[in-house]
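Scroll down for the structure; my scribbles are underneath it.
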Amino acid sequence: MKKQNETVTKSRLGHYPVWFLIPLGIIFLVLYIIPTFSSLYYSTQRWTLFDSTFVGLDNFASFFNDPFLLGGLLNTFLYAFLTSGLKVVVGMLFGVLLMSNIKFRGLLRNIVFFPVLVSTIGVGLTFQELLRPQVGLLHQALSVFGIPEAGLLGDPGTAIFAIIAVDVWKGVGLATVIYLAGMASIPSDYYEAAKIDGVSSFQNFRFIVLPLLRPATNTVIILSLIGGFRSFDLIWSMTGGGPGYASDVLASLVYKQYQSGFYGLSTAGNVVMFLLILILVVPLNRFLTKREVEL
Amino acid sequence: MKLQAFKRKALLVAASSAVLGLSLSAITPAQAAPKVQITWLVNNTSTVTGPANEIIKDFMAKNKDIQVVLTMRPGGTDGDNIVKTKLATKTMDSIFTYNTGALFQALAPSKTMVNLAAEKFQSNVDTGFKNAVSVGKNIYGAPFGTVMGAGFYYNKTLFSGAGITSTPKTWPAVIEAAKALKAKYPDVAPICASFGSSFTAQIYVLADYYNVHARIPSFTANYTAGKAKFASTPVALRGFQKLAEASSFFNSDKNTMTRPGASAAMSNGTCAMYPWQTSFNATLTADAQARTGFFAFPGDSAGDYGLTTWLSDAAYIPTTTTGAKLVAAKKLVAFIASKAGTDAYVRANGYTAPFLTKDQSAAPDTVAPAVKDLAALLKSGKTYPALEFLSPVKGPNLAAIMVDLGNQRTTARDAAARYDKDVEAAAKQLGLPGW
Amino acid sequence: MKRQFKTRNWLLGLISLIVAIAVFGVPFLFIFISASKPLDESAVLSFNWPKKWAIIDNAVEVFGAHDFMLLRAFNNSFWLTLFSVGILSILAAMVAWIIERRGGRIAKIANFLVLAGLMIPPAVVPTIFLLQAIGIYGSFVSMIFIEVAFHASFTVLLFRAFIGSIPRELDEAAILDGANSIVLFFRVIFPLLKSVIVTSIILNSVTVFNDFVNPLYFLSGQGNETVQLTLFNFNAEYTQRYNLLFMDILLITIPMVIFYAIFNKRIVAGMTAGAVKG
């Protein structure tokens, strides 16, 4: 019995021809690989539509010198880690809730998951109106309880947090179903053994379920981190990166620089995004996967 | 085998439909002579699409062999980007309208547009305008729209209610008026800001230019050469400082209010003053226009009172328009700059200000108060074009910097310094000497 | 004890349902209500039921605006999704097949590139310039290929996981019967992939249909706008006309509602497929 991923014998090689890779390979190469490499080149240029001059690492330096760009870089970190953390915690809580025997489980799962499928632009524009100061629904609801309203999207200090909240609103459903799948794959023997040993439900959760959920947790962390670093649609539709630059992230800065015609700076932003993910997410993924418990 | 049969069937269907189609076309009566179709790309605000549609209507009535289709793009930086991209990828419409001055220069006109210097309609165009759409001896645009000024629109009823007897003619007077309004009407914002349309935040610096020029006539040249900066020139710094001073009187929803939102607020009386260009008046309701006045963006002392002016937008033809379409496009451009074209424009927006052409209809007798105020200012001769019409350099991030300043997240000096850096980046991008 | 348990579950379920509807359902209800109001009522963004039902009028007006731009946008979105997802499914399956079966150095390289594709954000501006150099920037075809390129990694991994469970004995049997590589893959293996093909079509359709940032960069102002782009542009135009804005949002959401209603289980299963295994 051959192992599944053993290299095939020479006589069989012809049946798994290399040219099968070519069609997708060409598209992938031309539209993704080549631009990624050329971005390394273009990020060192000052580049108009018609010509370019070499400026070394100036574009990258701007991300640390220019207060707007630096703010955007910091916002990106904030956005990625906060949304990731919240999705893990809230997603797990929802997962536990939906795993228990409460009524309306199926309906609840559908309600929580549906926002994941809806257009991000639609969600962004809807919440832009719901959160509108003085006239939006949130303000009306809060004023019923007599709570004065924070500036939310209109306040430079809170804009990014309002967007983070909406991002979690939209994405927690996916985290929840990932956790549900994770919990469903834990064999019931484990629960039974724990019951026999007289373990409380809290201990059960902490020492049995939680470690066995590590693959699910890791998936949620990695997926939402990468997504958070690259996030654009929600920010662009809710505030356009504003007020001013207050809620900008790397992706929106890349677009803004492109709009202004600063193509070199824009491409540098892409490279920074790429390096961030490479330096932070890849080692994190390796670290997290090592800690996964074998089922 | 099955494939063969299917192929034969398909061929039969295709052949018979071809025959049917051909015979049908033989029976139908001959079409009228084919029209030349050209497309015209404009900003999607109603104050632009309205006149454009009127112009097209009149033009097509006079030129039955040309069909003009209006296409739209957003305004602001999104629109700038779309125009630049379309020109760069050679997918621009037959003609398009866009700003004049520095923004026009950023489009690399000598590479992307058709030279219209030799066209007959140029004899009808004001010289001042020609400078804003030229590179050397080549002229690339025709005026679309009116002259504009920038200053403050104010609610006369609220002003008299707060005991403000004379129209502010100095900046300190504006602040005094704002204080009086705040005391008398706590629910009304003395000055409104519409940062939801971030490009409007720039007005404090851009509209202040008459005052800068009045004190330092050499600023323009030195600025373009990279020698004069906003942060280090006290008079030029004033624009930034004025926004900082005004920010304590802003409406609480300043960051989400859009420019149409400001029109609504001025119309229903929740705003007392709003600074913007004189295209603003046409966006107010008729009732509101009857009680809204206009004064120029004032300097610090009474003798400095004058109007910073904006030249109108222009209609340009990209080099990708050729042959019969080019002939048609040139005709449309000539029409836009003619008396008939400006008449059509007035039909849509009402009379707001003079056009930049020599032969145009006189202003009607009854106009809104703000329009009268503007006309008086233009007549006084104390006007000067905004910096972007005299210098090709304009930093693209002024709006965002001003929004930050308007939110009191930075100081006027820091904002000005930041803008200087932005201007430097733009100048280097344009490849200007001396930067 | 059991009855207490049952009541507790019932109560907890009810409370959860109310909270869930309040948090997750209210925004959608708001969209529907606002989309049904006539212009004068919609100016105030309140939650009350429309006094006059204008849902048909609003739909007609939004569809007809700018020469039926929304209709054309739906058309564009539909064909873009169909073509890119279709092409992707076939080509990605082929690549996954080779990586999984052939092994060796070539497969290792391909695998590495696929994983890189998951993490590295696409460099859009250089891609724009490359497309302009070729001369196809802004064209519908170029957008199809871009969606294929940007979703390739995910789809290949999806197929790979599934192909791993197809026993090699099947290959051997087909080869001994005289099948060449094409017959082997397209006649023997492809039909077995039906389940994962459907999953990839569904998941990719959702992502491509909802894609905003890529059409923003590659299709802006070129006349091929998708519904997401049109919605965004309408927002600038429809300030103060909330009824039309929300009607547009409603129209974009409806396909997803239908999609979810039909493919509920598959979507959830697909999205969690690789997740638990890591």
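Letters A, B, ... mirror the listed sequences (proteins, then strands); counts begin at 1.
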Pick one of side chain, backbone, both or neither for C:Leu130, based on which atoms fall under 4.5 Å of a heavy atom in chain A. side chain

Heavy-atom distance under 4.5 Å to chain C: side chain of A:Ile34, backbone, both or neither? side chain

Select one option (side chain, backbone, both, neither) describing which atoms of C:Tyr217 are under 4.5 Å from chain A's heavy atoms. both

With a 4.5 Å cut-off on side-chain heavy atoms, are C:Pro126 and A:Thr267 touching? yes

Given side chains that start at C-beta, do those of C:Met119 and A:Val282 come closer than 4.5 Å, heavy atoms only? yes

Chain A contact via C:Leu245 - which portion, at a heavy-atom distance below 4.5 Å: side chain

Under 4.5 Å to a heavy atom of chain A? For C:Ala179 that would be backbone

Interchain contact, C:Leu184 with chain A, by part (heavy-atom threshold 4.5 Å): side chain

Taking all heavy atoms of C:Pro27 and all of A:Leu130, pick out the closest pair and write down the distance. CB-CD1, 4.0 Å

Is A:Tyr255 close to chain C through its backbone or its side chain, or both, or neither, when contacts mean heavy atoms under 4.5 Å? both

Could you look at C:Leu91 and say if it's the side chain, the backbone, both or neither that has a heavy atom under 4.5 Å from chain A? both

Using the ring of each side chain (for Trp, its six-membered ring), is C:Phe185 parallel, tilted or perpendicular to A:Phe20, with breaks at 30° and 60°? perpendicular

CD on C:Glu147 to CD1 on A:Ile27, rounded to 0.5 Å: 12.0 Å

Turns out that what part of A:Ile111 lies under 4.5 Å from chain C's heavy atoms comes down to both

C:Asn235 versus chain A, the contacting section by heavy-atom distance below 4.5 Å: side chain

CG of C:Asp211 to OG of A:Ser119, rounded to nearest 0.5 Å, is 10.5 Å

Looking at every heavy atom in both A:Leu24 and C:Ala92, which two are closest together, and how far apart are they? CD2-CA, 3.9 Å

Proximity breakdown for C:Leu17 and chain A, heavy-atom pairs closer than 4.5 Å: both

Would you say the side chain of A:Tyr16 lies within less than 4.5 Å of the side chain of C:Asp171, judging by non-hydrogen atoms? yes

Any idea which heavy atoms bring C:Ala152 and A:Phe28 closest together, and the distance? CB-CD1, 4.0 Å

Best-contacting candidate, A:Phe37, A:Phe232, A:Trp169, A:Tyr41, against chain C by heavy atom pairs under 4.5 angstrom: A:Trp169

Side-chain donor-acceptor pair present, C:Asn9, A:Arg105, cut-off under 3.5 Å: no

Quick check: do A:Tyr258 and C:Val124 have side-chain heavy atoms less than 4.5 Å from each other? no

At a 4.5 Å cut-off on heavy atoms, which part of C:Val156 comes close to chain A: side chain, backbone, both, or neither? side chain

Check A:Leu97 against C:Leu12 and note the closest heavy-atom contact, atom names and distance. CD1-CD2, 4.3 Å

Atom CH2 of A:Trp19 and atom CD1 of C:Ile98: how far apart are they, to the nearest 0.5 Å? 9.0 Å

Name the region of C:Val206, side chain, backbone, both or neither, that has any atom closer than 4.5 Å to a heavy atom of chain A. side chain

Would you check if C:Ile252 and A:Val118 make a side-chain contact, meaning some heavy-atom pair closer than 4.5 Å? no

Nearest 0.5 Å, what's the CD1-CG distance between C:Ile99 and A:Leu21? 6.5 Å

Leading residue by heavy atom contact count with chain A [cutoff under 4.5 Å; candidates C:Gly25, C:Pro121, C:Ala110]: C:Pro121

Against chain C, residues from residues 268-277 of chain A with at least one heavy atom under 4.5 Å, in numeric order, are A:Asn270, A:Met273, A:Phe274, A:Ile277

Please look at A:Leu174 and chain C and tell me whether the side chain, the backbone, both or neither of the residue comes under 4.5 angstrom of a heavy atom of that chain. side chain

Quick one: which of C:Val95, C:Ile31, C:Ile90 has the most heavy-atom pairs under 4.5 Å with chain A, could you say? C:Val95

Heavy-atom count around C:Phe186 CZ within 6.0 Å, excluding the residue itself: above 12? yes

Quick one, C:Phe24 and A:Phe114 - any side-chain contact, counting heavy atoms below 4.5 Å? no

For chain C, which of A:Val112, A:Ile22, A:Ile226, A:Val172 has the most heavy-atom pairs under 4.5 Å? A:Val112

Tell me which of these, A:Leu213, A:Ile121, A:Val123, A:Ile222, has more heavy-atom pairs under 4.5 Å with chain C than the rest. A:Ile121

Looking at A:Tyr32 and C:Ile120, would you say the former's side chain and the latter's main chain have a donor-acceptor pair under 3.5 Å? yes

Step-by-step side chain to side chain contact (heavy atoms under 4.5 Å, CB included) determination, C:Val125 to A:Tyr42: CA-CA 9 Å; C:Val125 180; A:Tyr42 282 122; over 6 Å; no

I want to check something: taking the side chain as every heavy atom from C-beta on, are C:Phe246 and A:Leu125 in contact at a cut-off of under 4.5 Å? no

Go through the atoms of C:Ala116 and report whether side chain, backbone, both or neither lie under 4.5 Å from a heavy atom of chain A. backbone

Measuring from atom CD1 of A:Ile102 to atom CG of C:Leu11, what distance do you get when rounded to the nearest 0.5 angstrom? 11.0 Å

Drop me the distance from A:Leu117's CG to C:Thr253's OG1, to the nearest 0.5 angstrom. 11.0 Å

Is A:Val177 in contact with chain C via its backbone, its side chain, both, or neither, using a 4.5 Å heavy-atom distance? both

Determine whether A:Val18 and C:Arg102 satisfy the following criterion, side chain to side chain contact (heavy atoms under 4.5 Å, CB included), listing intermediate values before the conclusion. CA-CA 9 Å; A:Val18 176; C:Arg102 186 187 170 98; 3.6 Å; yes

Of the backbone (N, CA, C, O) and the side chain (C-beta and beyond), which part of A:Val30 lies under 4.5 Å from a heavy atom of chain C, both, or neither? both

Interface residue of largest heavy-atom contact number with chain A, from C:Ala96, C:Ala107, C:Ala123, C:Ser153, under 4.5 Å: C:Ala123

Quick check, are the ring centers of A:Trp236 and C:Phe212 under 6.0 angstrom apart? no

Taking every heavy-atom pair that is under 4.5 Å apart, which of A:Leu29, A:Asn110, A:Ile33 has the most such pairs with chain C? A:Asn110

Are the side chains of A:Pro115 and C:Met256 in touch, meaning some heavy atoms are under 4.5 Å apart? no

Tell me, for A:Phe94 versus chain C, whether the close heavy atoms (under 4.5 Å) come from the side chain, the backbone, both or neither. side chain

Can you say whether C:Phe145 sits under 4.5 Å from chain A via the side chain, the backbone, both, or neither, judging by heavy atoms? both

For C:Asn264, which atoms come within 4.5 Å of any heavy atom of chain A: side chain, backbone, both, or neither? side chain

With chain A as the partner, which of C:Leu231, C:Val227, C:Asn180, C:Ile175 has the greatest number of non-hydrogen pairs under 4.5 Å? C:Ile175

Identify which part of A:Thr126 has an atom lying under 4.5 Å from any heavy atom of chain C, answering side chain, backbone, both or neither. both

Could you look at C:Phe150 and say if it's the side chain, the backbone, both or neither that has a heavy atom under 4.5 Å from chain A? side chain

